[in-house]
A.B. asks: 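Take a look at this one; I'll ask things after.
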Amino acid sequence: MQTDPSSPPSSSPPTLPQIFLAFCKVGLTSFGGGLSGWMMREFVQQRRWLSEADFLSGLALAQSFPGVNVVNLAIWIGFRLRGGHGALLGGLGITVPPMLVAIALASLFASMAQSHGLHVAMAGVAAAAVGVSLQTGLRAARRALLGWVPAAIMGATFLAIFVLRLPLLWVVGAMAPLSIFIAYTRIRRQEPRE
């Protein structure tokens, strides 16, 4: 059952075991990437633990920290739901069970490395994962486009990374502070004067 992603999250926070099991489910059932898309579907649309705006804010924050984005996001979601213990269980749930399965599958795939069918199947899984990632990216872009200035920053970032192939760290290092400054000044202008 899907609900309106813009509707408010459910009123009662999940328990710690529910958080751990939900992240285990996401980690074990998402193949080939696109994990943030799966997380959005699970925690916003199905379980309604977070609003779409909260999730996308957490995704932006997770992508700005060093490390694996989805692990950062799992920690952020867990913390948002149940504090430090939720963060710990979110991080463990998204990493440990899939890691154990990956180790087992890596040993199996090593014995099947010459199979053409396996390579074709993996390419199909990767294509589906790109679609899930694209859906999440388009939703995030729709939320971020609040005028021509954010659109210009988004476009300039895309061009710098994708077309000009400038180093990601340099581009983010320049565009993130600029974007934060613009958002800050916009908020300051909207605040009522005393």
Side-chain angles (χ1 to χ4, degrees), residues 5-6 23 26-27 29-45 50-80 87 90-91 94-95 98-99 102 105-106 109 113 116 118-191:
S6 62
F23 279 106
V26 169
T29 60
S30 57
F31 294 92
L35 200 52
S36 58
W38 283 103
M39 291 169 79
M40 181 176 192
R41 183 179 195 94
E42 184 72 22
F43 300 119
V44 174
Q45 297 170 346
L50 297 167
S51 69
E52 185 175 293
D54 282 345
F55 179 86
L56 293 173
S57 294
L59 179 61
L61 187 64
Q63 290 174 338
S64 68
F65 287 149
V68 180
N69 292 345
V70 293
V71 175
N72 293 343
L73 182 57
I75 291 168
W76 181 86
I77 290 172
F79 184 82
R80 185 97 162 95
I94 201 74
T95 55
M99 178 187 65
L105 289 177
F109 286 156
H116 177 70
L118 177 64
H119 292 282
V120 170
M122 291 294 105
V125 169
V130 168
V132 172
S133 294
L134 182 61
Q135 179 259 347
T136 304
L138 290 175
R139 281 181 181 261
R142 190 185 77 225
R143 290 269 180 189
L145 292 175
L146 302 173
W148 71 269
V149 174
I153 290 174
M154 190 181 305
T157 303
F158 176 80
L159 288 173
I161 294 170
F162 187 71
V163 177
L164 300 175
R165 299 185 185 272
L166 295 176
L168 177 66
L169 192 57
W170 291 7
V171 174
V172 172
M175 299 308 271
L178 176 63
S179 184
I180 291 168
F181 175 74
I182 291 169
Y184 174 76
T185 56
R186 177 178 284 164
I187 290 169
R188 293 288 294 167
R189 278 190 230 139
Q190 293 173 353
E191 289 179 353

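For clarity, every value in this text was computed on a predicted model and none was experimentally measured.
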A.B. asks: Considering non-hydrogen atoms only, spot the tightest contact between I94 and G91 and give its length.
C.D. replies: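 It is CG2-O, 3.4 Å.
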A.B. asks: Nearest 0.5 angstrom please: R80 CZ to D54 CG, how far?
C.D. replies: 4.0 Å
A.B. asks: Evaluate the criterion side-chain contact (heavy atoms from CB on, under 4.5 Å) for residue pair V171 and L164; output intermediate values, then yes/no.
C.D. replies: CA-CA 11 Å; V171 174; L164 300 175; over 6 Å; no
A.B. asks: Quick check: does any side chain N or O of S179 sit under 3.5 Å from a backbone N or O of A176, one acting as donor and the other as acceptor?
C.D. replies: no
A.B. asks: Could you tell me which residues satisfy side-chain contact (heavy atoms from CB on, under 4.5 Å) with I180, sequence neighbours excluded, listed by chain and number?
C.D. replies: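 For I180, no residue satisfies side-chain contact (heavy atoms from CB on, under 4.5 Å) once neighbours in sequence are set aside.
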A.B. asks: Nearest 0.5 Å, what's the CZ-CZ distance between R41 and F55?
C.D. replies: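 Between R41 CZ and F55 CZ, I get 12.5 Å after rounding to 0.5 Å.
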A.B. asks: Pairs under 3.5 angstrom only: tabulate donor-acceptor contacts from the side chains of residues 66-79 to other protein residues two or more places apart or in another chain.
C.D. replies:
residue, atom, partner, partner atom, Å
N72, ND2, A62, O, 3.1
N72, ND2, P66, O, 3.2

A.B. asks: Working to the nearest 0.5 Å, report the span between CG of L56 and CE of M40.
C.D. replies: 4.5 Å
A.B. asks: Which pair of heavy atoms, one from M175 and one from I153, lies closest together, and at what distance?
C.D. replies: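 Smallest heavy-atom distance, with atoms named: CE-O, 3.7 Å.
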